[in-house]
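Since the model is a prediction, treat every value here as computed from it, not as a measurement.
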Amino acid sequence: MLKKNKKIILDEKVDKNRKHIPLYKYSKGGKISSVIALINIFLMILTISISIVKKGNAGIYVGIIMLMILVMAAVGFVVGINSFQEENKFMRYTYIGTISNAAIWIGILGIYLIYV
């Protein structure tokens with residue numbers, strides 16, 4: 001009876017070692033979502049600075065860029081949500097990308113609703 005208990009304990013240790021996740025395995029969708037968020041942040045800073053330099057008369061191109069950012073943020077959010085389904089991966093970039101794309105999307109939508 002003592003041998004069976006030892007075997008069960010050893011099997012549990014082996015299962016824990018098999019479930020170990022290496023540190024370099026981040027979710028692919030999370031990385032893509034984070035990169036999209038960084039691009040969106042850069043483009044937002046660019047459009048805001050252009051609008052400040054032109055003193056509010058930046059033209060339609062700034063509006064088109066902001067519309068593109070809105071669409072890209074929605075795409076980044078969907079990619080981030082879908083990357084939660086990847087198993088045995090770290091989700092740091094998934095959380096970062098999903099939350100930042102959602103914040104960008106809500107921010108642009110809020111700006112639109114305030115000024116229209």
Would [X] end up clustered with [Y] when hydrophobic side chains under 4.5 Å apart are linked, directly or stepwise?
| X | Y | value |
| --- | --- | --- |
| Ile45 | Ile106 | yes |
| Leu46 | Ile41 | yes |
| Tyr112 | Ile50 | yes |
| Ile69 | Val35 | yes |
| Ile108 | Phe42 | yes |

Exercise. Is atom CD1 of Ile60 surrounded by more than 12 heavy atoms (other residues, nucleotides or ligands) closer than 6.0 Å?
Worked result: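 12 or below, so no.
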
Point-to-point distance, once rounded to the nearest 0.5 Å, from [atom1] of [X] to [atom2] of [Y]:
| X | Y | atom1 | atom2 | value |
| --- | --- | --- | --- | --- |
| Ser51 | Met66 | OG | CE | 9.0 Å |
| Ile65 | Thr47 | CD1 | OG1 | 6.5 Å |
| Leu70 | Met44 | CG | CE | 10.0 Å |

For this session: Would you mind telling me which of Phe77, Tyr93, Tyr95 makes a ring-ring contact (aromatic ring centres under 6.0 Å, His included) with Phe84?
Result: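 Of Phe77, Tyr93, Tyr95, ring-ring contact (aromatic ring centres under 6.0 Å, His included) with Phe84 is met by Tyr95 alone.
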
Problem set entry | Check: Met72 and Ile104 side chains under 4.5 Å, non-hydrogen atoms |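 A side-chain contact is absent here, since even the closest heavy-atom pair is not under 4.5 Å.
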
Problem set entry | Side chain proximity check, Leu109 to Trp105, heavy atoms < 4.5 angstrom |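 Yes, their side chains come closer than 4.5 Å.
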
For this session: Indicate yes or no for a side-chain donor-acceptor contact from Asn101 to the backbone of Ser33 under 3.5 Å, with no hydrogens or angles considered.
Result: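 At least one qualifying donor-acceptor pair exists.
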
Exercise. At their closest point, which heavy atom of Gly30 faces which heavy atom of Thr94, and how far apart are they?
Worked result: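 Looking at all heavy atoms of both residues, the closest pair is CA-OG1, 3.5 Å.
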
Exercise. Taking Ile36 as the fixed residue, which of Ile39, Ile32, Leu38 is the one that meets the side-chain contact (heavy atoms from CB on, under 4.5 Å) rule?
Worked result: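 For Ile36, the side-chain contact (heavy atoms from CB on, under 4.5 Å) check succeeds only for Ile32.
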
